[in-house]
Amino acid sequence: MLTGRYELKFPIDARQRADLLAEARDALQEDPHGTAAVYRVSSLYFDSPERLAYHEKLDGEYRRRKFRLRWYPLPEQEQGAMSAAFFEVKHRIDQRVLKERVALEPEGARAILEEPARLARLADYVRPGRGGETVGSVLRQLERQRLEPVAVISYVREAWMGALDQRLRLTFDSACQVLLPTGWTDAPLGTGRAILPPERYIMEVKFDRRLDRWLRDLVVSRGLVQRRFSKYARGVEELNAR
């Protein structure tokens, strides 16, 4: 199902994160998917041989999209274990993000991660239910753009929701790393190449129509500056540099 909301990003440090959370804590509740609001997110990104998605980001295209297999590793279990997995098409129209996603069977997600050419059989790996339109869209772009695996991006996310409006999300991403596609099983180990300095976070604010005044005032009063930051683009650059 295609959903959309605004997404604003702010690079901050550990002190700013602690200060903002101390002020906002009463208006927030923990994301129930995490442990103390924290969980790891890992994604295998697909792009064309010409790196169309990467260059759309660099050029600041008003409309752009990315293709990724996103999964949530379980680090305390065997490598490759995951709590959930999805194939996603992330559309960005200026500051608004719309996401298509289909839930995958864990075995299917691992099959694609182990052998990305199996993306052509995406329909075989989808959990029962809706998603046919998204699968069809992915398969058409797989053929048109000749999508191939490019990079695994993995990071630790601390996620909060509005206590009253659960569509409001405030997240802090840290320990952002990039790995080659073949290194996907190492995502929970934190052994990739850093794409964000230690003690730095990317704070993301996501909301449907209008940012709540209390949160807007917190951001403004602390002088936080909105900046665009693409983990995928930074990861591609890091791999190319090495």
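One is the number of the first residue; the rest follow in order along the sequence.
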Handout entry: Candidates Gln95, Arg92, Arg96 - the one meeting side-chain hydrogen bond (donor to acceptor under 3.5 Å, both in side chains) with Glu7
Key = Arg92
Problem - Shortest non-hydrogen contact from Leu44 toward Pro181 - result: CD1-CB, 3.8 Å
Problem - Cation over ring face, Arg70 and Phe86, 6.0 Å, 45° - result: no
Exercise for the section: Give a yes or no on whether Glu105 atom CD has more than 12 heavy-atom contacts from other residues, nucleotides or ligands under 6.0 Å away. Expected result: yes
Problem - Asp217 backbone acceptor or donor facing Ser221 side chain under 3.5 Å - result: yes
Exercise for the section: Mind running salt bridge (Lys or Arg N to Asp or Glu O under 4.0 Å) on Glu61 and Arg64 for me, showing each step along the way? Expected result: CA-CA 6 Å; Glu61 294 288 343; Arg64 54 187 186 271; over 6 Å; no
Practice task
Would you sort out whether Asp173 and Tyr201 count as a side chain to side chain contact (heavy atoms under 4.5 Å, CB included), showing the intermediate values?
Solution key: CA-CA 5 Å; Asp173 296 342; Tyr201 295 79; over 6 Å; no
Handout entry: Closest heavy-atom pair and its distance - Trp160, Glu30
Key = CZ3-CG, 3.5 Å
Exercise for the section: Return the orientation label for the Tyr232 and Tyr45 ring planes: parallel under 30°, perpendicular over 60°, tilted otherwise. Expected result: parallel
Practice task
In plain terms, say whether Glu204 and Arg157 are close enough for a salt bridge, that is, a side-chain N and a carboxylate O under 4.0 Å apart.
Solution key: yes
Exercise for the section: Using only heavy-atom distances, determine whether the side chains of Arg40 and Ser154 contain a donor-acceptor pair under 3.5 Å. Expected result: yes
Problem - Value rounded to 0.5 Å, distance of CG in Leu211 from CG in Leu8 - result: 7.0 Å
Completion exercise
Between the CZ atom in Arg227 and the CD1 atom in Ile12, the distance rounded to the nearest 0.5 Å is 12.5 Å
Handout entry: Heavy-atom check, side chain of Val152 versus side chain of Ser43, under 4.5 Å
Key = no
Fill in the blank from the handout: CD of Glu107 to CD1 of Ile112, rounded to nearest 0.5 Å, is 12.0 Å
Handout entry: Donor-acceptor pair, side chain of Arg127 and main chain of Leu104, under 3.5 angstrom
Key = yes
Handout entry: Heavy-atom side-chain proximity of Arg200 to Ser174 below 4.5 angstrom
Key = no
Exercise for the section: Report yes or no: does Arg5 contribute a side-chain atom to a donor-acceptor pair with the main-chain N or O of Arg167 at less than 3.5 Å? Expected result: yes
Problem - Joint hydrophobic cluster, Val205 plus Tyr6, side-chain heavy atoms closer than 4.5 Å - result: yes
Handout entry: Asp212 side-chain N/O to Trp214 backbone N/O, donor-acceptor pair under 3.5 Å
Key = no
Problem - Distance-only polar pair, side chains of Glu50 and His55, donor-acceptor under 3.5 Å - result: no
Problem - Lys/Arg-Asp/Glu bridge criterion (N-O < 4.0 Å) met for Glu238, Arg193 - result: no
Problem - Flag side-chain contact, heavy atom, 4.5 Å: Val89 against His91 - result: yes
Problem - Test salt bridge (Lys or Arg N to Asp or Glu O under 4.0 Å) applied to Asp47 and Lys66, step by step - result: CA-CA 7 Å; Asp47 205 343; Lys66 287 182 285 195; over 6 Å; no
Problem - Min side-chain heavy-atom separation Leu122-Leu139 under 4.5 Å - result: yes
Handout entry: Flag, side chain of Asp13 to backbone of Arg15, donor-acceptor distance under 3.5 Å
Key = yes
Exercise for the section: Measure the acute angle between the ring planes of Phe87 and Phe46, then classify it against the limits of 30° and 60° as parallel, tilted or perpendicular. Expected result: tilted
Problem - Short side-chain donor-acceptor distance under 3.5 Å, Ser48 and Gln145 - result: no
Exercise for the section: Taking the side chain as every heavy atom from C-beta outward, state whether Leu215 and Leu168 have any atom pair closer than 4.5 Å. Expected result: yes
Exercise for the section: Please name the pair of heavy atoms, one in Ala163 and one in Asp26, separated by the smallest distance, quoted to 0.1 Å. Expected result: CB-O, 4.5 Å
Practice task
Indicate yes or no: at least one non-hydrogen side-chain atom of Arg118 is less than 4.5 angstrom from one of Tyr125.
Solution key: yes
Practice task
Would you check if the side chain of Gln141 reaches a backbone N or O of Val138 as a donor-acceptor pair within less than 3.5 Å?
Solution key: no
Practice task
Work out which heavy atom in Gly192 is nearest to a heavy atom in Gln177; give both atom names and the distance.
Solution key: N-OE1, 3.0 Å
Handout entry: Residues Asp94, Arg63: salt bridge by 4.0 Å N-O rule
Key = no
Exercise for the section: Answer yes if Phe172 and Met161 sit in the same cluster of Ile, Leu, Val, Met, Phe, Trp and Tyr residues linked by side chain heavy atoms under 4.5 Å apart, and no otherwise. Expected result: no
Handout entry: Side-chain heavy-atom pair Gln16, Met203 within 4.5 angstrom cut-off
Key = no
Practice task
Go through the steps for Arg25 and Asp19 under the test salt bridge (Lys or Arg N to Asp or Glu O under 4.0 Å), then give the verdict.
Solution key: CA-CA 10 Å; Arg25 183 64 184 87; Asp19 175 62; over 6 Å; no
Problem - Side chain proximity check, Leu69 to Glu88, heavy atoms < 4.5 angstrom - result: no
Practice task
Would you please say whether a donor-acceptor pair under 3.5 Å links the side chains of Glu158 and Tyr39?
Solution key: no
Practice task
Apply the test salt bridge (Lys or Arg N to Asp or Glu O under 4.0 Å) to residues Glu56 and Lys90: give CA-CA distance (whole Å), side-chain angles for both, the deciding distance (0.1 Å), then the verdict.
Solution key: CA-CA 13 Å; Glu56 285 179 342; Lys90 183 178 180 181; over 6 Å; no
